[in-house]
Chemist: 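Submitted below is the structure of interest, expressed as structure tokens.
Letters go in sequence order (proteins before strands), and every chain restarts at 1. Computed from a prediction, not measured in an experiment: that's the story for all the values here.
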Amino acid sequence: MNLVTLAFYFFAVLTLAFAAVVVFSRNILHAAFALLFTFFGVASMYVLLQADFLAISQIMIYIGGILILIIFGVILTTNITGVEVKSDKTGRLQLVSAGIATLLLAATLIGVMTTTQWNTAEVPAVDATAEAIGTGMLTRYLLAFETASMLLLIAIVGAAFIARKKPV
Amino acid sequence: MQSTNFIWDLFGVNLLTVVAVVALPLGFVLIYALVAILAELKISAWIQERLGPMRTGPYGILQPVAEVIKLLQKEDITPDASSKLLYNLAPFIIFSGAYAAFAVIPFSSAFMPANINVGLFYVFAIGSISAMGIVMGGWASSNKYSLMGAMRSVSQLISYEIPAAMAVLSIVVLSSSMNMQEISHAQTGYFWDWYLFGGPGSWTKVFIIPFTITLAIAYFIASLAETNRVPFDIPEGESELVAGFHTEYGGIKFAMFYFAEYANMFVVSAIFTTIFLGGWNSPFGEFLQGPGWGVMWFILKSFSIVFVQIWVRWTLPRFRVDQLMYLGWKVLLPVSFICFFAISLFVMFK
């Protein structure tokens, strides 16, 4: 077993274990902090797949942006409204339907995974992905890229509009 | 391509050498933190016309060692109302976040723990793990002061990350690389080839010299705010918040926060050195240039920046919160955007 395989299993277990904590934890803040390790584990998967730029974007956007916002939201709401951030017991109907949906999804995914003809080949190590991603975004995928940025801009303007001080 | 890690050249890549590559910067951080703590004590003393610590060892040079031993011996207290697991985890997360940045710092042309192509981006991303640690510690302490300190700290960190990133991005545009080793290589030569003075190139670079110098100042100010140093230490302002997010911490856990702060100071200084001051290059062409001397130059330059940080701390008073936000969003951000725009235009029409 070489170092890369060892690293893969380590991070895979890390990701799955903390994902389980996210789902099963009663305390929302504990779930949010467990999400930190899950995101980090996913970033390591990207590293092992030689997608360095994607891995770092994952850390930057999900941990540095989204997760901090989630935690801020949770902390501030509990302190202002005094509502306990604990989830209740899951009802039986929800539990059964969620279980069936999960089983179906898992069965489909495993089925697809085992029946697909994977054409594997030795791929030479990729040196830099940032340049290829940049070129791709500004040439072939320009429309999608610009549409996404317009959507984000509209979201920012909308958020500022909702949050602004209302004229009295 | 030239090798960037002499340990792997000598012994090959195996589990032992990986441990060695990881442990080398750790040893450096621990020794550096002791030196920086002493420097902080002594420089503050000189600025205030005192002697500073004089009794532990000659001229008090063993003072930081004594302090660390004291912190190690203290009782490990966990507050009753705290969330135990997160409270105990937070110091580790913060220190790992600060220490992870050392993976891409080019100490010399022959030693950089991990030579990755998106090094500068990595440093900014990994800083967010420290921010998570701060929130975790502040919340888990179950103390109003801790929580408010953590909030202030993180909002400050997010605000000032943008001007700092713009400054770094401008240099990335200029050098067309995010690899810190390649940026260092590009500045080989005399000190006027550093990106502080427009980088290598013909006389036309005089047009961008004002912008690069402005960016260097903007980055330095933003880095002070990111490391929560005076004049931006509102998160720890002792007159309002006791000690900010680490109010409830003591003993070795407090020491870890302390070490993380000093490690962060070095990281931002090292980035400043790499992108503006030529990294491990000698300022005078071939004079003392080489992999071994590179370590000396790199540490010398970085320590000078750390020295300026300490100097600023003991000279300036603290900002108010509104002044801090004003400076970040209405001064530094537009200024760094203008500089970025000017440099991009220059690179396009060069």
Chemist: Distance from A/Asp52 atom CG to B/Asn117 atom CG, nearest 0.5 Å?
Modeler: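 Reported to 0.5 Å precision, the distance equals 6.0 Å.
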
Chemist: What are the residues of residues 88-96 of chain B, in order of number, with any heavy atom under 4.5 angstrom from a heavy atom of chain A?
Modeler: B/Leu89, B/Ile93

Chemist: Find the distance between CD1 (A/Ile68) and CG (B/Leu157) and round it off to the nearest 0.5 Å.
Modeler: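 Result: 7.5 Å between the selected atoms.
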
Chemist: Are there more than 12 heavy atoms of other residues, nucleotides or ligands under 6.0 Å from atom CZ of A/Phe40?
Modeler: no

Chemist: Which region of B/Met178, side chain (C-beta onward) or backbone (N, CA, C, O), has a non-hydrogen atom less than 4.5 Å from a non-hydrogen atom of chain A, or is it both or neither?
Modeler: side chain

Chemist: How far apart are the closest heavy atoms of B/Ser155 and A/Phe72, and which atoms are they?
Modeler: N-CZ, 4.4 Å

Chemist: Between B/Trp139 and A/Phe33, how do the two ring planes meet: parallel, tilted or perpendicular, split at 30° and 60°?
Modeler: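 The arrangement is tilted - the two ring planes meet at 30° to 60°.
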
Chemist: Assess whether atom CE of B/Met148 is packed by more than 12 heavy atoms of other residues, nucleotides or ligands within 6.0 Å.
Modeler: no

Chemist: Specify the closest pair of heavy atoms between A/Ile56 and B/Ala125, including all atoms of both residues, with the distance to one decimal.
Modeler: CG2-CB, 3.6 Å

Chemist: Can you give me the closest heavy-atom contact between A/Gly64 and B/Ser128, atom names plus distance?
Modeler: CA-CB, 3.3 Å

Chemist: What's the separation between atom CD in B/Glu161 and atom CE in A/Met60, rounded to the nearest 0.5 Å?
Modeler: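 Going from the CD atom of B/Glu161 to the CE atom of A/Met60 covers 5.0 Å.
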
Chemist: Does any backbone or side-chain atom of A/Tyr62 lie under 4.5 Å from a heavy atom of chain B? Answer side chain, backbone, both or neither.
Modeler: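 For A/Tyr62, there is no contact with chain B at all, as no heavy atom is under 4.5 Å.
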
Chemist: Could you tell me the separation between the CD1 atom of A/Ile59 and the CZ atom of B/Phe124, rounded to the nearest 0.5 Å?
Modeler: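 Between atom CD1 of A/Ile59 and atom CZ of B/Phe124 there are 14.5 Å.
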
Chemist: For a 4.5 angstrom cut-off between non-hydrogen side-chain atoms, does B/Met132 reach A/Ile71?
Modeler: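 In contact.
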
